[in-house]
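Only one structure is covered here, and it is reproduced in the block below.
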Protein chains: 2
Amino acid sequence: MQNRRRALLDKAEFLFAEHGFEGTSIRDLAKEAGMNLAMISYYFGSKEKLFEALVEDRSSSLLEKVKAPNESTSDPVQRLAALVPSLVDRWLANPRFYRILYREASLNSRPELQRIIADTLLRQVNEFRKILQDGVEQGRFREVDIDLTMVTFYGTITQLLSASPQMHQRMLGRRWGDDVSEMAHWRNRLVDHLLQVMQAHLLTRA
Amino acid sequence: MQNRRRALLDKAEFLFAEHGFEGTSIRDLAKEAGMNLAMISYYFGSKEKLFEALVEDRSSSLLEKVKAPNESTSDPVQRLAALVPSLVDRWLANPRFYRILYREASLNSRPELQRIIADTLLRQVNEFRKILQDGVEQGRFREVDIDLTMVTFYGTITQLLSASPQMHQRMLGRRWGDDVSEMAHWRNRLVDHLLQVMQAHLLTRA
DNA sequence: TTTAATTAATCAAACGTATGATTAATTATT
DNA sequence: AATAATTAATCATACGTTTGATTAATTAAA
């Protein structure tokens, strides 16, 4: 019954997001999943390999949906306008996964995991950087600080996805839940906001 | 010899920043500081209380320097232009401390620590929100999404401070070291960038 | 088509190690 | 001499991992 493997991955994603990788014991995980402790080693070999399997699973399932970035136009403004909602959808489809990645990426331990995480995150980052560079080269964008513009862009989503429930409550007022209508709400606000900020920042004034 | 207490705080800050709170054992800490394990309990009572002492120490030393935000003008544009460099200086004076806070703030464990962290972070956040609200009310700023504008602003610094060395290397090219000239470099870039982004976003177009 | 052999899945228990914390004894300082 | 600071030793608990046994399911041999 191979869907118990999947159940372990899902529970692990939840617990890692809430309590971190170090903060989640495989005993907690097994108990939450209603399974025996040994199943983790049986399916994955070790706790760390379970993490790697999680990254593998989530990022491959994401790649399926996303396909190649739309290259149908070379206009950086349009490419940006197309990329933003696509990225937002990617994030909001797996908020817990990205919360885990961003947090573990801020650590300086377990170098093998670090490499995997960095690879996964940087794949996205480079799509965005390409657009910025092209736009600046073509004179369609102002000569902004490209690195920090990327930091601002990805920082926005990191901040939003990473905040704990109580931080959300106290910082944003609005709850950040799992339910679909909440997500739709945030999706639209986020897309609008990111596009506004980026366009105001990048486009030369009339 | 009370500066051994301080030495413990400093080493703890370093190790927590690198490996996280959970990922740092009090044995590692004692060994790094060249002290006996029991000194942690002697000075602080427990590992968790040591963390609280660290927050207490760093945030009080920060409050000294910052004083009340400059209220000499009511012009939101000027207040913003004054707040940004002041915040950037605050962050860059204690990059490791904020790296710790942001990471632990993304967890949903140890509620008591969570409260302390949220309190510490939100104090700054509210300075900024006040300016945004006033600016929008007075019509000096566009009617932006205030919550997400704050997310973008704080997300920028979170992202920059939180990235591990190898993430910095691979994302920004430039190293993010401790040395002073590096810090001066980033300080100026950050201030310029944040002001540019925020002003482009907030100020109504001619 | 029954029976034997093999593989996959699951479990309870135990392993050795690491953890945070405490104790009691010792040394240094005042 | 009394207090403060430091140490080594110890404690109970929690951790990730491994083991050996058991059951269920699948395949091969008769």
Side-chain angles (χ1 to χ4, degrees), chain A residues 1-57 100 103-104 107-114 116-117, chain B residues 1-57 100 103-104 107-114 116-117:
Chain A
M1 203 186 281
Q2 190 66 337
N3 63 345
R4 301 188 91 203
R5 194 190 122 105
R6 175 147 298 272
L8 275 177
L9 281 182
D10 291 344
K11 279 288 182 208
E13 183 184 45
F14 176 80
L15 290 173
F16 290 168
E18 292 293 297
H19 310 297
F21 179 77
E22 295 261 12
T24 302
S25 76
I26 61 175
R27 282 183 172 76
D28 291 344
L29 171 55
K31 178 172 287 180
E32 276 284 317
M35 294 185 212
N36 187 280
L37 178 62
M39 298 312 291
I40 290 156
S41 136
Y42 179 73
Y43 281 123
F44 304 100
S46 71
K47 187 190 180 186
E48 190 155 325
K49 292 231 194 72
L50 158 64
F51 188 99
E52 292 173 22
L54 179 63
V55 175
E56 166 61 25
D57 179 83
I100 297 169
R103 187 194 299 127
E104 299 302 320
L107 293 172
N108 208 359
S109 323
R110 289 181 291 275
E112 179 57 13
L113 281 189
Q114 285 293 314
I116 294 173
I117 292 170
Chain B
M1 203 186 281
Q2 191 65 339
N3 64 347
R4 302 189 91 201
R5 194 189 121 106
R6 175 146 298 272
L8 275 177
L9 281 182
D10 291 345
K11 279 288 182 210
E13 182 185 45
F14 176 79
L15 290 173
F16 289 169
E18 292 294 296
H19 310 297
F21 179 77
E22 295 261 12
T24 303
S25 76
I26 60 175
R27 281 181 173 79
D28 293 343
L29 172 54
K31 177 174 285 183
E32 276 283 316
M35 295 184 212
N36 189 282
L37 172 66
M39 299 311 291
I40 289 156
S41 138
Y42 179 72
Y43 282 124
F44 304 101
S46 72
K47 187 190 180 187
E48 191 154 326
K49 292 230 194 75
L50 158 65
F51 188 98
E52 294 174 20
L54 178 64
V55 175
E56 167 61 26
D57 179 83
I100 297 168
R103 185 192 301 126
E104 300 301 321
L107 294 173
N108 209 359
S109 324
R110 289 180 292 274
E112 178 57 12
L113 281 189
Q114 285 292 316
I116 293 174
I117 291 170

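Numbered from 1 within each chain, the chains take letters A, B, ... in sequence-line order. Note: hydrogens, waters and symmetry copies are ignored here, and every other heavy atom, side chains too, is used.
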Between A/F21 (CZ) and D/dC15 (P), how many Å, whole number? 13 Å
When you match A/G45 and A/G23 each to their closest nucleotide on DNA chain D, which lands nearer the 5' end? A/G23
Starting at CZ of B/F51 and ending at P of C/dA21, how long is that distance when rounded to a whole Å? 14 Å
Less than 4.5 Å apart, side chain to side chain, heavy atoms only: is that true for A/Y42 and A/M39? yes
Should the pair B/K47 and B/F21 be classed as cation-pi, given the thresholds of under 6.0 Å to the six-membered ring centre and 45° from the axis? yes
In this structure, CD of A/E48 is separated from CD of A/E112 (nearest 0.5 Å) by 7.5 Å
Does OP1 or OP2 of C/dA9 have a side-chain N or O of A/R4 closer than 4.0 Å? no
In residues 25-37 of chain A, what residues come within less than 4.0 Å of DNA chain C, judged by heavy atoms? A/R27, A/N36
Expected output: side-chain B/Q114 to main-chain B/E104 donor-acceptor under 3.5 Å: yes
Tell me the interatomic distance from A/L8, atom CG, to C/dA9, atom C1', rounded to whole angstroms. 13 Å
Integer-rounded Å distance: C/dT19 P and B/L15 CG: 12 Å
Answer whether the closest heavy-atom distance between the side chains of A/L107 and A/L113 falls below 4.5 Å. no
Under the salt bridge (charged side-chain N to carboxylate O under 4.0 Å, His left out) rule, what do A/R103 and A/E22 come out as? Steps first, then yes or no, please. CA-CA 11 Å; A/R103 187 194 299 127; A/E22 295 261 12; over 6 Å; no
Taking atom C1' of D/dA24 as reference, at what distance in whole Å does atom OH of A/Y42 sit? 11 Å
Note, B/F44 side chain near B/L9 side chain (heavy atom, < 4.5 Å): yes
Quick one: which protein N/O atoms are closer than 3.5 Å to N/O atoms of nucleotides 20-23 of chain D? Pair and distance per line, please.
none

How close or far is atom P of C/dA21 from atom CG of B/L50, stated in whole angstroms? 10 Å
Test side chain to side chain contact (heavy atoms under 4.5 Å, CB included) on B/L50 and B/I26; report intermediate values, then the result. CA-CA 10 Å; B/L50 158 65; B/I26 60 175; 5.7 Å; no
Any heavy-atom pair between the side chains of A/L54 and A/F16 that's under 4.5 Å? yes
With a cut-off of less than 4.0 Å, is there a side-chain N or O of B/Y43 near OP1 or OP2 of D/dT6? yes
Could you state the CD1-P distance from A/I40 to D/dT18, rounded to the nearest angstrom? 13 Å
Take the protein atom CE of B/M39 and the nucleotide atom P of D/dA8, then report the distance between them rounded to whole Å. 12 Å
